[in-house]
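So the structure is just underneath, and the comments pick up after that.
Hydrogens, waters and symmetry mates are skipped; everything else that's a heavy atom, side chains included, is used.
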Amino acid sequence: MSKPSFYEWKPQGPAAWGMSIDLNACIGCNACVVACQAENNIPVVGKTEMLREREMYWLRIDRYYDGPPESPKFNFQPVLCMHCEEAPCEPVCPVGATMHDAEGLNVMVYNRCIGTRFCSNNCPYKVRRFNYFDFAGEERRAIQSRNPEVTVRARGVMEKCTFCLQRIAAARIVADREGKKASAVVTACEAACPTRAFTFGDLAAKGSEVAARRAGPLSYALLAEQNTKPRVTYEAHIFNIDKPKETQK
């Protein structure tokens, strides 16, 4: 029996975009972080603002340490917007700047955002970023280096991962021309990952890899007890705790 919910509307779109991240494959190289920054025109805030915890990365790599301090083991976990089906950030926004589209994506309407940051306070994953200053206007970056398909955000606007919505939109256009359903979409983080830790696709498509990974025995949702029903799931890291046998002399 499902838990009671305040969300009565369910996405009715032709696709249900989702992502699965294999923690066994992630090596913490940060290639996905750099690719996301270049693809989505994420500004560089500088050392001073980073020390004030005003980073703008839409995708971060959490590091966990296990074992003795002199030789710990490293575990990595990419964390981005979970695109929750029951997103706690949406009902607290007074102007409806964050909302769901027909395909279940948690999107931002930048023209509506007035910078209350209520959505950031209500997000259990802390993946939303706020433009405290005109970071985009102050960074030393040629205009030609920006992605023309992505809006450059101004001061006082909240932003976050969009599942590379511009790439999804391009796939929709091609699919409409061919009379098909958009399914083959590769996000920037997925394309840049050298170990193929990311798998993005349509959860509603039969036989899709992301749906198969989500249904696997290792699949789990981050902070599932919050009942947010995230579209991003993880494949648990498997550790070999068996010690190697000593060589017999």
Side-chain angles (χ1 to χ4, degrees), residues 17 19 30-61 78-84 87-173 185-192 200 230-232:
W17 302 109
M19 177 179 286
N30 282 273
C32 54
V33 177
V34 176
C36 178
Q37 182 176 14
E39 173 73 18
N40 296 290
N41 298 329
I42 300 175
V44 176
V45 301
K47 180 180 178 180
T48 303
E49 299 302 321
M50 287 290 290
L51 293 175
R52 294 175 179 174
E53 298 182 354
R54 294 176 177 175
E55 65 275 4
M56 297 301 297
Y57 298 117
W58 289 4
L59 170 62
R60 72 174 189 266
I61 305 294
V79 181
L80 62 159
C81 176
M82 299 292 151
H83 291 269
C84 309
C89 57
E90 294 181 3
V92 297
C93 182
V95 293
T98 177
M99 55 183 295
H100 262 71
D101 68 358
E103 296 180 341
L105 294 177
N106 182 264
V107 296
M108 281 292 304
V109 184
Y110 299 121
N111 291 338
R112 295 180 184 175
C113 184
I114 58 176
T116 63
R117 288 179 287 168
F118 291 163
C119 57
S120 180
N121 292 334
N122 220 39
C123 175
Y125 306 101
K126 302 306 174 187
V127 291
R128 288 176 165 269
R129 302 290 179 249
F130 182 69
N131 285 272
Y132 285 90
F133 300 103
D134 185 18
F135 295 127
E138 295 176 356
E139 68 173 346
R140 298 179 181 178
R141 180 178 178 180
I143 298 178
Q144 294 80 0
S145 65
R146 292 195 172 105
N147 187 352
E149 302 296 331
V150 180
T151 302
V152 178
R153 284 74 62 186
R155 179 182 181 181
V157 173
M158 186 67 66
E159 59 184 67
K160 65 169 192 64
C161 166
T162 63
F163 269 168
C164 288
L165 185 59
Q166 66 279 1
R167 298 193 176 195
I168 296 177
R172 288 173 182 164
I173 294 174
V185 178
V186 179
T187 61
C189 55
E190 182 183 8
F200 180 78
R231 287 283 181 90
V232 178

TODO: Before giving the answer on side chain to side chain contact (heavy atoms under 4.5 Å, CB included), spell out for Arg129 and Glu55 the whole-Å C-alpha distance, their side-chain angles and the decisive distance to 0.1 Å.
DONE: CA-CA 7 Å; Arg129 302 290 179 249; Glu55 65 275 4; 4.0 Å; yes

Task: Working for salt bridge (charged side-chain N to carboxylate O under 4.0 Å, His left out), residues Arg146 and Glu139 - done: CA-CA 12 Å; Arg146 292 195 172 105; Glu139 68 173 346; 3.2 Å; yes

Task: side chain to side chain contact (heavy atoms under 4.5 Å, CB included) evaluation trace for Val33 with Ile61 - done: CA-CA 8 Å; Val33 177; Ile61 305 294; 3.9 Å; yes

TODO: Take Ile168 and Thr162, measure what side chain to side chain contact (heavy atoms under 4.5 Å, CB included) needs, and give me the verdict at the end.
DONE: CA-CA 10 Å; Ile168 296 177; Thr162 63; over 6 Å; no

TODO: Could you please spell out the steps behind the salt bridge (charged side-chain N to carboxylate O under 4.0 Å, His left out) verdict for Glu103 and Arg231?
DONE: CA-CA 11 Å; Glu103 296 180 341; Arg231 287 283 181 90; over 6 Å; no

Open item on the list: Pair Leu165, Val107 - check side chain to side chain contact (heavy atoms under 4.5 Å, CB included), show working.
Closed with: CA-CA 9 Å; Leu165 185 59; Val107 296; 4.1 Å; yes

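Between the side chain of Lys160 and the backbone N or O of Asn106 there is at least one donor-acceptor pair closer than 3.5 Å.
Closest heavy-atom contact between Tyr132 and Arg155: O-NE, 3.0 Å. Taking every heavy atom of both residues into account, Ala38 and Asn147 meet most closely at O-CB, 4.5 Å. For the residue pair Val185 and Glu190, the shortest heavy atom distance occurs at O-OE1, 4.0 Å. The minimum heavy-atom distance linking Arg128 with Cys119 is given by the pair NH1-SG, 3.4 Å. Residues Met99 and Glu90 come closest through the heavy atom pair C-OE2, 3.4 Å. Taking each heavy atom of Lys126 and Ser120 in turn, the nearest pair found is NZ-O, 3.1 Å.
Classification of the Phe163-Phe200 ring pair by plane angle, with boundaries at 30° and 60°, yields perpendicular.
Taking 4.5 Å as the limit, every side-chain heavy atom of Leu59 sits out of range of all side-chain heavy atoms of Val79. Proximity of Pro78 to Arg60: side-chain heavy atoms (C-beta onward) are nowhere separated by under 4.5 Å. Looking at heavy atoms from C-beta onward, Met19 lies out of side-chain contact with His83 at the 4.5 angstrom threshold. In this structure the side chain of Pro94 reaches within 4.5 angstrom of the side chain of Phe118, judged on heavy atoms. No side-chain heavy atom of Phe135 sits under 4.5 Å from any side-chain heavy atom of Ile42. In this structure, Val95 and Val109 have side chains that are not in contact, with every pair of non-hydrogen atoms separated by 4.5 Å or more. With contacts defined as side-chain heavy-atom distances shorter than 4.5 Å, the pair Gln37/Trp58 does not qualify. No side-chain heavy atom of Met82 sits less than 4.5 Å from a side-chain heavy atom of Pro124.
Note: Cys89 SG to Arg117 CZ = 16.0 Å, rounded to the nearest 0.5 Å. Between the CE atom in Met56 and the CG atom in Asn40 there is a gap of 11.5 Å [rounded to 0.5 Å].
None of Glu159, Arg54, Arg153 except one satisfies the side chain to side chain donor-acceptor pair (under 3.5 Å) rule with Asn131; the exception is Glu159.
The neighbour count for Tyr57 OH, taken as heavy atoms of other residues, nucleotides or ligands under 6.0 Å away, does not exceed 12. Few gaps surround CG on Leu51; more than 12 heavy atoms of other groups in view lie less than 6.0 Å from it.
Using a cutoff of 4.0 Å between basic side-chain nitrogens and carboxylate oxygens, Arg167 and Glu39 are scored as salt-bridged.
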